[in-house]
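This report refers to the structure that appears directly beneath it.
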Amino acid sequence: MFANIIIDISHEKLDRTFQYAIPLELESKISVGMEVEIPFGNANRLIKGYVLELTKVPEFDISKIKPIHSILKNSVMIEAQLILLAGWMKEQYGGTMIQALKTVIPVKQKMKSKEKRCIRLLLDEDAAKAQLEIYQRKKNTARLRLLSELITTKVLDYELVTNKLNVSSAVIKALKEQGILEVESEQIYRNPVNMQKKNVPEIQLNEKQLYIVDAITKDYRNGVRNTYCIYGITGSGKTEVYMKLIKKAVEQGLQAIVLIPEISLTYQTVMRFYQQFGERVSIINSRLSTGERYDQFERAKNGEIDVMIGPRSALFTPFRKLGFIIIDEEHEGSYKSETVPKYHARETAIARAKMAGASVILGSATPSVDAYYKAKKGEYQLLTLTSRTSQSELPSVYTVDLREELKAGNRSILSRKLRILMEERLSKKEQIMLFINRRGYAGFVSCRACGHVMKCPHCDVSLSSHNNGKLICHYCGYEEKMVKLCPNCGSKYIGGFRAGTQQIEEIVKKEYPNAKILRMDMDTTKSKDGHAKILSAFANGEADILIGTQMIVKGHDFHNVTLVGVLAADLSLYSNDYRCSERTFQLLTQAAGRAGRGTKAGEVVIQTYSPSHYSVLAAEHQDYEEFYNQEMSYRSIAGYPPASNMLAILITSKEEERADNAALLLKQQIDLQMIKGLAAIGPSDCTIAKINDIYKKVIYVKQNEYDKLVMVKNSLEQYINNNDRYKNINVQFDFNPMNTY
Ligand code: ADP
Ligand code: ZN
Ligand code: ZN
């Protein structure tokens, strides 16, 4: 028998399996997915690797095949299905097989789980009583205590026996050797869900929710596996739909994975699932220790749980009979991995579901353009929930043109409209959320008088201001000198937009000295549960105003919030990336969705310099279709995903010249292939052209068909492997990137 093994060194040249012989003594123990130690290279240095395949067919002269040295005892075995998935990820997203394998095993090493030992009586009652008499006669008091206790309870906790009964381990051992009792040990896995069941009345789904649950369960029962896209406005009851579906699946002996963005993995959400599934639900998140995470995967493997909730990495939970993978807030950028392989959880979930015979459910109030496009094409099945479940209405939305504010002499970040509404809320003791998006901070330059934004003439993305006094386009490399006057209206109020949560807090404090204010951003949520503390304080009415970044717009249900102010919608509108209109629409819609969740009606004020931008207009009208149609026509014309597919090739090196040369050569290689309909743009510097003395270059390749881009990736990987020039150069691939390089 032979094993094909991938070694644990991530290097393009070693990115294939090596064949080893299985020594006789290991033959019965070894299996696919195990980590082993093998002699490697001329010096036969021992290195680690994973068994990917067992075979009877030697690949070359048997006498030259080296034997496996040993099986590593403490490593986690990779399930066969996850090995397949890793192979798929490597092919689709690039990188080495070992990188892909490490992605699908979130914890590599076995962690010590706690053990619980107990003592069990082996004798029948008569024999035990006879033995008891012997101890009485001999005055063996310790043995007497233990045995009489065991006769009544049959099983005793080991610690209890040594501590409370005061019986030594030596005595226990002696009785064990006589066959009177046995000591058993049981693994106790850590359970991070530490909650109390409350008595909440079960929710009766409404007609629309039931329709979705029935459609999906019926499909499943009929052997139909599909990807469903549930487009349901905020508060329309998607989560209840998920839970009902999962409940039905669990009754059939199936398991489910629920992906939610880490930021929404709050006590509130977990509690809702806990009410339904009790101890059979678990979570994974970055706040758990390695040991806790390891235990959750073990519990899944052992069938102790049915539902796993977590961010991206929960996708790799080793369930035996996976029925559903649910991806809530499917549009979230965090579903894309930023490390190699740069996989998207949506596509990877679909791939895993295919292998496992499961179905995938995507849910969002603002579906990603990518998913909605596929749903419209019929690749996913579209299901909709168009009204809120509760009596609450959708909020009224007002757009404020900030240019008019300046004309009227108001230079404050708070518009007149917003101030009137804020005062009203404060007097009525209702709550306010003020939202400022800092993500688009990258330094786009705009005119405060007319709203003009400095854009690239070739790419329809905004230019970024760099410290060297230049405005640069990161898609094509176009650059021009920083302007002093607005080229549109001549105003001198042109510059980078810079306002953070802290400045806003100060302004609001000054204006409303009696209001209690909470601020939520990267700074105030550094501590372990800083996040939860602020949210629960606000939920409990401990503050009137919550000021925050996008953290505050995600999925929280505050019933007393009746006013949401978006202070500068433009901050995300003109970041230098083709998804910025989509992100803006999502943020505005999600922010608006926070208002009026209770019985009182909500209002939303969107402040902007671009009131006629389609993202702002569609958010104002709360009309997803309107946004989608506009956005798709832009993407079609510009050739951006999902109208086309795009591959970003990232080239990094410590030496700028080498990075430049390597990038140019790659570009030549792409051009040489002469693939029809393929456009390669670049190389150019990345937005941040140097990080830690590492220079970063990027090439963008556009093509209609994804598979052709995979071919480009494969041929470049091969080219790189066979070319010594790439020794100290790192090349990464990112398909349909979410962020700008
Ligand atoms: P979403 O996930 O779409 O934002 P949720 O499932 O969180 O919506 O539902 C919003 C609120 O409405 C929750 O408080 C939920 O308990 C409640 N809810 C959902 N479905 C129903 C229903 N059929 N009847 C009554 N309340 C419901
Ligand atoms: Zn450009
Ligand atoms: Zn201007």
Side-chain angles (χ1 to χ4, degrees), residues 195 197-217 228-248 256 258-277 281 307 309 311 324-332 335 361-368 371-372 375 382-395 433 535-536 539 550 552-562 564 586-602 604 622 624:
M195 293 182 171
K197 255 199 158 153
K198 280 189 287 195
N199 257 337
V200 283
E202 200 179 328
I203 284 178
Q204 296 297 320
L205 296 191
N206 64 33
E207 218 172 291
K208 285 183 180 142
Q209 288 169 313
L210 273 178
Y211 174 82
I212 294 179
V213 172
D214 288 347
I216 296 175
T217 30
Y228 305 89
C229 176
I230 303 180
Y231 160 41
I233 61 167
T234 48
S236 61
K238 294 184 290 298
T239 310
E240 293 299 329
V241 168
Y242 307 150
M243 291 200 293
K244 185 61 124 205
L245 275 168
I246 297 171
K247 200 166 168 221
K248 292 194 162 198
V258 182
L259 299 190
I260 62 180
E262 174 118 26
I263 208 162
S264 334
L265 191 50
T266 56
Y267 184 83
Q268 253 183 0
T269 323
V270 182
M271 193 64 193
R272 284 175 74 179
F273 278 87
Y274 185 78
Q275 292 312 327
Q276 282 280 338
F277 303 102
V281 62
V307 187
I309 311 177
F324 290 99
I325 303 175
I326 290 162
I327 307 185
D328 191 32
E329 313 264 6
E330 153 284 321
H331 61 274
E332 271 290 310
Y335 285 128
I361 296 159
L362 311 170
S364 176
T366 51
S368 63
Y372 205 65
L382 186 63
L383 298 160
T384 53
L385 287 171
T386 47
S387 48
R388 283 189 171 178
T389 56
S390 55
Q391 57 281 63
S392 69
E393 304 267 311
L394 279 176
M433 283 169 92
L535 290 175
S536 69
Q550 42 263 60
I552 66 173
V553 304
K554 304 278 157 68
H556 312 295
D557 222 349
F558 301 114
H559 286 261
N560 199 32
V561 171
T562 55
V564 171
Q586 285 161 355
L587 283 170
L588 294 179
T589 310
Q590 304 266 343
R594 296 307 112 214
R597 302 275 291 196
T599 46
K600 289 167 252 174
V604 180
Q622 302 178 64
Y624 179 80

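Whatever order the structure lists them in is the order used to number ligands and atoms, beginning at 1. Computed from a predicted model, the values in this text were never measured in an experiment.
- For F324 and Y242, the ring centers are positioned 6.0 Å apart or more.
- The closest protein non-hydrogen atom to atom 19 (C) of ligand 1 is E240 CG, 3.2 Å.
- Proximity of R272 to ligand 1 is established by a heavy-atom distance of less than 4.0 Å.
- Formation of a donor-acceptor pair under 3.5 Å by the S364 side chain with backbone atoms of T366 is found in this model.
- At a 3.5 angstrom cut-off on N or O pairs, Q204 counts as close to ligand 1.
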key: Derivation and outcome, side chain to side chain donor-acceptor pair (under 3.5 Å), residues E330 and S368   = CA-CA 7 Å; E330 153 284 321; S368 63; 2.3 Å; yes
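- For ligand 1, the atoms lying closer than 4.0 Å to a non-hydrogen atom of S236 are 3 (O), 8 (O).
- Proximity to N206 (heavy-atom distance under 4.0 Å) selects the following atoms of ligand 1: 23 (N).
- Atoms of ligand 1 lying under 4.0 Å from at least one heavy atom of L205, given by number and element, are 23 (N).
- K198 NZ: 12 or fewer foreign heavy atoms inside a 6.0 Å radius.
- For atom 20 (N) of ligand 1, the choice among M243, K244, Q209 with the nearest heavy atom turns out to be Q209.
- Considering backbone and side-chain atoms alike, G237 places an N or O below 3.5 Å from some N or O of ligand 1.
- At least one N or O atom of G235, backbone or side chain, sits closer than 3.5 Å to an N or O atom of ligand 1.
- Annotation: atom 12 (O) of ligand 1 to nearest protein heavy atom, T389 OG1, 3.0 Å.
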